[in-house]
Amino acid sequence: DHILELLAEDEDGPAEKEQGEAGGDGGGAQGPWQVCGVAVHVGDRRFRGYLGAVLDRIGSRRPEDLDRIRRRVSRIDLMRPGEKAPNVAASYGDPAHGAPEYIPGPDGGFVVAAWPITVSLRLIEAPRDNLVEGLVHELGHAVATQEEIEVRSDLGRGWGQELAADHHAARWGFGSLIERMRPDRSAAHHGPVPGERVEVRF
């Protein structure tokens, strides 16, 4: 798997390509910066650099997915303390943030439901692999269709959503990264992978 080589070995992350309004360099919400057509309200340059590299990778392999991300992600914002459980590093489509926000559709006549991705300071400051895994998984949620979720929901819709997000991350070339990060994930939230046995007791 050479995907992460494209994202640079330097822990400082790849350089940004686009930037909107000037702001400080901390993790706080500022901007917005435009990263590959997505509004980002996170002041950390390293985070935006990796996000840009991930979106470039998605656009080079699946340009239609990058278009969908631009339509379905209204912004990327900082998660406020206390908004989520401490073990949640990132979230897409959380109704607590007032989403969906309706934006014009690709044909100019219809509207598309767009949701924010919110990220915790813990994810922003995480090592490269954890940061990239968190980003590609949440972007996978943004791309997943209802049909893709339904066919993976035999064990419950929640797990179906998580499996569909990982399916897209793998399509973009991040499958081995997702697999390496599985031991750090909450099995109750992310569910099993094909061929894995799960036992639930009450």
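What's counted below: heavy atoms across the whole structure, side chains too, no hydrogens, waters or symmetry copies.
Listed here is the closest heavy atom pair of Ile124 and Val42: CD1-CG1, 3.6 Å. Here the closest non-hydrogen pair linking Arg57 and Trp172 is NE-O, 3.4 Å. Between Ala39 and Ser74, the shortest heavy-atom contact is CB-O, 4.1 Å. Considering every non-hydrogen atom in both His137 and Ala165, the closest pair reads O-CB, 3.4 Å. Taking every heavy atom of both residues into account, Ile149 and Ala164 meet most closely at CG1-CB, 3.9 Å. Closest heavy-atom contact between Gly134 and Leu123: CA-CD1, 4.2 Å.
Tested against Val38, the residues Leu139, Ile76, Ile117 include a single side-chain contact (heavy atoms from CB on, under 4.5 Å) partner, Ile76.
Classification of Asp65 and Arg68 as a salt-bridged pair fails, no side-chain N sitting under 4.0 Å from a carboxylate O. For the pair Arg75 and Asp77, the salt-bridge criterion is met [side-chain N within less than 4.0 Å of a carboxylate O].
For the pair His168/Ile58, no side-chain contact is recorded, criterion being any heavy-atom separation below 4.5 Å from C-beta on. A 4.5 Å side-chain heavy-atom check between Trp115 and Val73 finds every atom pair outside the cut-off. Put simply, the side chain of Arg61 does not reach to within 4.5 Å of the side chain of Arg171, judged on heavy atoms. At least one side-chain heavy atom of Glu133 sits less than 4.5 Å from a side-chain heavy atom of Ile178.
Residues in residues 140-150 take part in these salt bridge (Lys or Arg N to Asp or Glu O under 4.0 Å) pairs, two or more places apart or across chains: Glu150-Arg157.
Between the Arg152 side chain and the Glu162 main chain, no donor and acceptor come within less than 3.5 Å of each other. Between the side chain of Ser120 and the backbone N or O of Ala89, at least one donor-acceptor pair lies under 3.5 Å. Checking side-chain atoms of Arg71 against main-chain N and O of Leu66 turns up no donor-acceptor pair under 3.5 Å. Between the Arg48 side chain and the Gly43 main chain, a donor and an acceptor come within less than 3.5 Å of each other.
Atom NE2 in His41 sits 12.5 Å away from atom OG1 in Thr118 (nearest 0.5 Å). Here Arg45 contributes atom CZ and Trp33 contributes atom CH2; the two are 9.5 Å apart, rounded to the nearest 0.5 Å. Taking OH of Tyr50 as the reference point, atom CG of Leu135 lies at 11.0 Å (rounded to 0.5 Å).
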Chi angles and distances behind the side chain to side chain contact (heavy atoms under 4.5 Å, CB included) call for Tyr92, Arg72: CA-CA 10 Å; Tyr92 171 75; Arg72 298 292 308 279; 3.5 Å; yes
